[in-house]
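What follows is one structure encoded as structure tokens, with my remarks underneath.
Sequence lines set the chain letters: A, B, ... in the order given, protein chains first and strands last, and positions in each chain run from 1.
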2 protein chains.
Amino acid sequence: MEAKIKAEILKILGDPTRLRVAHLLVASPKSLCVCEIVDALKLLQYRVSKSLVMLRRAGLVDVDRNGTWGYYRPKTEDETNHVLFDFVKEYCSGEPFDADLAGLSKRLVLREGEKCVVGFLPEKELQKLLRKKGVAA
Amino acid sequence: MEAKIKAEILKILGDPTRLRVAHLLVASPKSLCVCEIVDALKLLQYRVSKSLVMLRRAGLVDVDRNGTWGYYRPKTEDETNHVLFDFVKEYCSGEPFDADLAGLSKRLVLREGEKCVVGFLPEKELQKLLRKKGVAA
DNA sequence: ATATTATATGCATATATGAGCATATAGACA
DNA sequence: TGTCTATATGCTCATATATGCATATAATAT
């Protein structure tokens, strides 16, 4: 039954953590690795990791692995997903989604050559590195 | 937290029965009473009734009561819902959603003066009444 | 080799949810 | 009043899910 699958997918998005992760990926112009998502959303690593597993199982996201780092992105190859992604982008406005995106922009400053080169950091450490890069915290 | 509420709403839609009911209401040009939904979707009355309660609690649908009959409709007064409804309409294509709408059209033939005048019917009874009205089953 | 780091996962437990059935409520009408 | 009938809801059970923690895995760096 097709309704079961479609409902299943909505159920996956029906959790605050997963919705924030999905929204971040959908709204981000770049693939993101787990540590970047952790820092942007300020969530525990295992929570993000588990969310990504479920989003992947649901066929919503995919990962390009690059050594230890995994770069996640919305699975746009699947035509069916476009409607869903457009919706997520429009539906997830306001807080905390805006703050999530702001957190992500900051964190992405730490990339070097389009690559993630640090893991997830305690807030203080992140601020310090950002100052070093000359970015206002 | 706003994400919690938005996720909550998606979770409500994340169940096949509720998704079918929601889609039927969103796609229907008219408010529908419970018995019409039951016949269109061929589900048990208490399942439809419970789904409607949850959709109502989530602020997605509303009811105009008319004696024993309750006419349900998507709650469009809530601006936030428009994005959601547009999505549901687009996302819920194919089966069983198309068949649900077809079942609804047939059932709506039984209305008299825009009002529902019969409760939910066993399949045979429904067919008989439709033939009486001169509609191909 | 060893240590470190990024990411994934197993497990225990508490809680939530769905399915199914019986029954309550309340309006309509004889 | 009493009986239909449309709709709502209470209850129980089985299953599913979320949470939190500890730890596994596997690539990298020293």
Measure the spacing between [atom1] of [X] and [atom2] of [Y] and express it to the nearest 0.5 Å.
X: A/L10; Y: B/F87; atom1: CG; atom2: CZ; result: 5.0 Å
X: B/K11; Y: A/L19; atom1: NZ; atom2: CG; result: 12.0 Å
X: B/K75; Y: B/L84; atom1: NZ; atom2: CG; result: 13.5 Å

Discussion item. If you assign B/G14 and A/S49 each to the DNA chain C nucleotide with the nearest heavy atom, which residue ends up on the more 5' nucleotide?
Written reply: A/S49

Worksheet item: Can B/K115 be said to sit on top of B/Y71's aromatic six-ring, NZ or CZ under 6.0 Å from centre and within 45° of the ring axis?
Response: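 Yes.
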
Fill in: Residue whose nearest DNA chain D nucleotide is more 5′ - A/E8 or A/K50
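With A/K50 and A/E8 compared, the 5'-side residue is A/E8.
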
Worksheet entry | Sidechain-backbone polar pair: A/K6 side chain, B/Y91 backbone, donor-acceptor under 3.5 Å | yes

Worksheet item: Do the side chain of B/D15 and the main chain of B/R18 share a donor and acceptor less than 3.5 angstrom apart?
Response: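 Side chain of B/D15 to backbone of B/R18, a donor-acceptor pair under 3.5 Å: yes, one is there.
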
Mind checking [X] for me? I need base, sugar-phosphate or nothing, with any heavy atom below 4.0 Å counting as a touch.
X: B/V38; value: nothing
X: B/V117; value: nothing
X: A/V53; value: sugar-phosphate
X: A/R56; value: nothing

Worksheet item: If you group Ile, Leu, Val, Met, Phe, Trp and Tyr by side-chain heavy-atom gaps below 4.5 Å, do B/L43 and B/L101 land in one group?
Response: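 Yes; B/L101 is reachable from B/L43 via cluster members.
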
How close or far is atom [atom2] of [N] from atom [atom1] of [X], stated in whole angstroms?
X: B/R65; N: D/dT7; atom1: CZ; atom2: P; answer: 8 Å
X: B/M54; N: D/dT9; atom1: CE; atom2: C1'; answer: 13 Å
X: B/L52; N: D/dA6; atom1: CG; atom2: C1'; answer: 13 Å

Worksheet entry | Where chain B begins and ends its contact with DNA chain C, read 5' to 3' at 4.0 Å from heavy atoms | C/dT17 to C/dA28

Side-chain donor-acceptor pairs of residues 47-64 of chain A under 3.5 Å, sequence neighbours excluded:
from  : atom 1 : to    : atom 2 : distance (Å)
A/R47 : NH1    : A/T17 : OG1    : 3.2
A/S51 : OG     : A/R47 : O      : 2.9
A/D64 : OD2    : A/R73 : NE     : 3.0

Discussion item. Given B/Q127, which partner from the list B/E125, B/E123, B/R131 fulfils the side-chain hydrogen bond (donor to acceptor under 3.5 Å, both in side chains) test?
Written reply: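 Single pass found, and it is B/E123.
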
Worksheet item: Does any residue of residues 68-76 of chain A have a heavy atom under 4.0 Å from DNA chain D, and if so, which ones, in number order?
Response: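 DNA chain D contact set from residues 68-76 of chain A: A/T68.
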
